[in-house]
2 protein chains.
Amino acid sequence: MGTERAGSQRRGIGVVEIAQSLGVSTATVSRALNGSDKVRPELADRIREFADAHGYVANRHARALSATTSRAFIGFVIPYVDTPAFSTVAAECGRRLARDGTQLILTITENDPERELDQVKELRGIRTAGIVISPTPGILDETKELLGSVPVVEFHRRSGLAIPGVFMDDRKAMADAFGRLTELGHRRIGYIGTTQDLSNGIARQDGIRDGMRLAGLDATDVPTQLVAPVESAGFEAATRLLEMPDRPTALIVGGGTLSLGVADAVRQSGIEVPRDLSLIVYGDPRWFALHKPPLATISAPYDQLADHAVGLLHDALDGTSADGGAAVRMITPILRPNGSLGPPHQHTP
Amino acid sequence: MGTERAGSQRRGIGVVEIAQSLGVSTATVSRALNGSDKVRPELADRIREFADAHGYVANRHARALSATTSRAFIGFVIPYVDTPAFSTVAAECGRRLARDGTQLILTITENDPERELDQVKELRGIRTAGIVISPTPGILDETKELLGSVPVVEFHRRSGLAIPGVFMDDRKAMADAFGRLTELGHRRIGYIGTTQDLSNGIARQDGIRDGMRLAGLDATDVPTQLVAPVESAGFEAATRLLEMPDRPTALIVGGGTLSLGVADAVRQSGIEVPRDLSLIVYGDPRWFALHKPPLATISAPYDQLADHAVGLLHDALDGTSADGGAAVRMITPILRPNGSLGPPHQHTP
DNA sequence: ATGAAAGCGCTAACAA
DNA sequence: TTGTTAGCGCTTTCAT
């Protein structure tokens with residue numbers, strides 16, 4: 001109590017202690033520890049050994065403060081961490097960056113532009129070498145300004161800035177899915193998606209429109225429900241569509257969380273899938289494999305996205321990319337057909 | 001090209017610039033910015049205004065380097081970020097800590113003790129004020145040593161160190177679930193869980209044993225499969241149990257990922273639930289609501305766990321807790337009965 | 001190949 | 001209440 005902790009090391013050793021113990025200068029120690037080739041190999045080894053033996057851990061703050069050009073940290077800004085679309089990408093990027101000794105700093109905005117601004121400020125305070133971000137729909141101008149001054153890569157959502165990014169080609173994916181249904185003969189197809197605020201909501205609806213056009217259908221053939229991206233909203237939207245007098249013979253859902261609610265509504269309605277209704281949902285196929293029958297899903301290969309994100313980030317850090325043309329890469333989600341797909345059933349009028 | 005970026009601020013301003021512009025000392029600026037009450041309010045306001053207007057962001061590294069006692073960072077070490085058991089807790093803790101201006105640094109071990117050691121070292125290098133960790137089963141001695149010298153809170157898994165922690169009382173939860181089945185009349189109950197390596201695997205199996213004892217059953221009544229915590233293993237384990245000549249009338253699963261595989265196997269087996277088999281799985285009820293019928297789940301209230309973790313962390317940081325008795329808090333997962341539960345069906349011998 | 005010394009941007013004694 | 005002056009622990013010229 002109150003007595004200093006006995007023993008050799010109170011708070012770990014630093015370069016000075018190492019230098020003194022070995023009778024060299026701190027400069028030499030620093031060079032050896034950073035693998036400079038300008039140190040006698042034998043000496044360097046001795047220094048590293050000593051450091052290891054004494055559990056030396058470099059103070060990141062000191063290092064970052066003196067060395068202006070450090071890739072010690074990368075900021076990662078996402079709306080949620082409990083959504084696979086974001087968490088999977090975060091995990092993958094973290095893994096890949098760890099190889100270079102770069103530490104990922106994860107921050108969560110919960111789609112709040114104010115929090116987003118705070119986070120980005122904070123990251124600038126940490127002097128992260130770069131930022132990977134999935135911006136909030138209402139991103140603040142001040143945030144944009146801040147982002148303008150560091151290497152940035154965005155994913156899933158667009159900020160409107162001319163910066164490199166990786167995105168899901170949801171438009172194409174939805175058009176493909178729609179096409180699959182029309183090929184099966186469906187002419188009345190319900191769509192449940194998210195509202196326009198969310199940029200992928202737009203793309204997905206655009207995809208549906210593309211599909212309609214291609215099949216020669218118009219808006220009256222495709223009853224649409226745009227709702228908030230929550231489970232209950234999906235449930236209600238599906239219920240509304242299924243209670244229509246002239247109800248659709250197929251349903252496409254444009255959102256992972258929505259899909260859970262929709263699947264539940266379909267189940268409770270007692271409508272038989274795929275005999276009386278074909279169903280394509282959006283999200284992780286593993287989840288929807290539980291459904292009876294297993295549901296056809298549009299699923300996104302997040303690891304690919306992470307790959308590209310890290311690649312673009314490296315380009316941005318190295319200043320490889322041309323200033324003018326911000327690289328944009330698209331990943332196309334995969335349609336996995338399953339037991340929930342079939343031709344429309346002619347029910348008696 | 002090559003020309004310095006024109007304009008007033010190259011890399012943002014610092015305390016010196018503010019001090020010079022306002023004709024005060026850096027100390028005064030620092031005090032004003034940190035809300036010290038020893039600055040003339042009017043002056044303080046003027047300083048803060050100026051700082052805001054010029055987009056001042058404190059350099060965290062400099063701050064951390066000079067101020068030894070800072071709560072700027074908390075390290076968070078978990079095996080996976082794409083598993084709700086960890087990601088949900090991380091998100092909650094992050095949210096709660098953000099209120100105090102504490103930044104959470106998330107690191108992923110993937111259950112690799114070497115990576116864990118690296119991460120913890122790294123966190124020490126960042127001089128995080130504390131660490132919240134869900135240790136790997138094979139945690140290294142060196143890691144333990146490092147953890148001994150900072151405020152630490154563990155959750156979900158135990159390191160064996162005498163440090164505060166929050167855990168799920170899986171033992172009790174499993175015993176309760178088992179009890180529910182025996183109350184319904186089941187005398188032959190299959191258990192599918194994870195191997196002993198994972199500390200919660202042990203607790204869950206212990207719970208099953210408690211339930212057996214209470215119901216007067218012995219090991220031969222409870223065919224058990226201990227497997228790796230992956231979906232396919234769950235599928236295979238369930239298949240094995242369901243193909244037994246004297247097959248169980250009920251099944252309990254002790255793991256979220258396992259449960260997905262088990263549910264799938266049950267579906268494919270064609271066995272009718274709950275008529276010929278009662279089923280209790282572990283995990284998020286939303287997932288298993290998709291099943292037909294919706295499955296009874298044992299689900300863990302992760303937000304509560306996060307609450308306690310943050311609480312314990314604060315205690316540890318404040319040195320509130322007595323050195324000897326490391327606080328341990330238990331959270332009991334909730335059994336949500338559902339359509340998958342019923343009395344055993346007497347099938348002809 | 002090595003050392004001496006000057007910072008990086010901030011906070012914290014100690015003076016005034 | 002404000003200013004002066006040291007550092008925090010490291011990297012990095014510039015000498016040697």
Side-chain angles (χ1 to χ4, degrees), chain A residues 9-48 51 54-73 101 121-122 124-129, chain B residues 9-48 51 54-73 101 121-122 124-129:
Chain A
Q9 55 192 78
R10 269 194 333 157
R11 296 176 159 237
I13 62 172
V15 281
V16 261
E17 284 81 359
I18 299 182
Q20 284 170 352
S21 304
L22 262 44
V24 293
S25 77
T26 60
T28 304
V29 173
S30 173
R31 284 191 272 254
L33 260 22
N34 290 311
S36 160
D37 53 350
K38 304 181 159 308
V39 182
R40 193 156 34 92
E42 180 222 291
L43 214 203
D45 283 347
R46 208 148 54 87
I47 292 174
R48 279 192 286 265
H54 292 253
Y56 168 77
V57 180
N59 184 322
R60 283 286 185 187
H61 299 300
R63 188 171 271 178
L65 196 55
S66 81
T68 320
T69 166
S70 142
R71 284 192 192 178
F73 299 105
K121 266 190 192 162
E122 173 73 15
R124 290 229 41 197
I126 300 174
R127 297 294 188 271
T128 56
Chain B
Q9 55 192 78
R10 271 192 331 155
R11 297 179 160 233
I13 61 173
V15 281
V16 261
E17 285 81 359
I18 300 182
Q20 283 170 351
S21 304
L22 263 44
V24 294
S25 78
T26 60
T28 305
V29 173
S30 172
R31 284 191 273 253
L33 259 24
N34 290 310
S36 159
D37 53 350
K38 303 182 158 308
V39 182
R40 192 155 35 91
E42 180 222 292
L43 214 203
D45 282 348
R46 207 147 57 86
I47 292 174
R48 279 193 285 265
H54 291 254
Y56 168 78
V57 180
N59 184 322
R60 283 284 185 189
H61 299 301
R63 187 171 274 180
L65 197 53
S66 82
T68 321
T69 164
S70 142
R71 287 195 189 176
F73 300 104
K121 266 190 191 163
E122 174 73 16
R124 290 228 42 199
I126 300 175
R127 299 293 189 272
T128 56

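Below, chains carry the letters A, B, ... as their sequence lines are ordered, and counting in each starts from 1.
- Here the C1' atom of nucleotide C:dA12 and the NZ atom of B:K38 are 13 Å apart, to the nearest Å.
- Among A:V29, A:L22, A:T28, the single residue meeting the side chain to side chain contact (heavy atoms under 4.5 Å, CB included) criterion with A:S25 is A:T28.
- Distances shorter than 4.0 Å separate none of the side-chain N or O atoms of A:S66 from OP1 or OP2 on D:dC10.
- Across the protein-nucleic acid pair, A:Q20 atom CD and D:dC10 atom P stand 12 Å apart, rounded to whole Å.
- Distances shorter than 4.0 Å separate some side-chain N or O of B:S25 from OP1 or OP2 on D:dG3.
- Protein atom NE2 of B:H61 is 16 Å distant from nucleotide atom C1' of C:dT11, rounded to whole Å.
- Between A:H61 and B:H61, the ring planes lie tilted relative to each other; the angle falls in the 30° to 60° range.
- When the nearest nucleotides of DNA chain C are assigned to B:A67 and A:V39 by heavy-atom distance, the more 5′-ward of the two goes with A:V39.
- Checking D:dG3, D:dG7, C:dT2 against the side-chain heavy atoms of A:R31 singles out C:dT2 as nearest.
- With rounding to whole Å, B:L65 atom CG is found 12 Å from D:dT11 atom P.
- Taking CG of A:L33 as the reference point, atom CZ of A:R63 lies at 7.0 Å (rounded to 0.5 Å).
- The separation between A:D45 atom CG and C:dA1 atom P is 14 Å, rounded to whole Å.
- In this structure, A:Y56 and B:A44 both approach DNA chain D, and ranking their closest nucleotides by distance from the 5' end singles out B:A44.
- For B:R60 (side chain) and A:R127 (main-chain N/O), no donor-acceptor pair under 3.5 Å exists by modelled atom type.
- OP1 or OP2 of C:dT11 has at least one side-chain nitrogen or oxygen of B:N34 nearer than 4.0 Å.
- At whole-Å resolution of the value, CD1 in A:I13 and C1' in D:dG9 are 13 Å apart.
- With distances taken from any side-chain atom of B:R40 to the nucleotides D:dG9, D:dT1, D:dT12, the minimum falls on D:dT1.
- Side-chain proximity of A:N59 to the nucleotides D:dG9, C:dC10, D:dT4 is greatest for D:dG9.
- Relative to the side chain of A:T26, the nucleotides D:dT11, C:dT11, C:dG3 differ in distance, and D:dT11 lies closest.
- Note on A:T28: only backbone sugar-phosphate atoms sit closer than 4.0 angstrom, heavy atoms only; bases stay farther off.
- Protein atom CZ of A:R46 is 16 Å distant from nucleotide atom P of C:dA1, rounded to whole Å.
- One interatomic measurement links the two molecules: CZ of A:R63 to P of D:dT12, which rounds to 10 Å at whole-angstrom precision.
- Proximity of a side-chain donor or acceptor of A:Q20 to a complementary backbone N or O of A:E17 within less than 3.5 Å is not detected.
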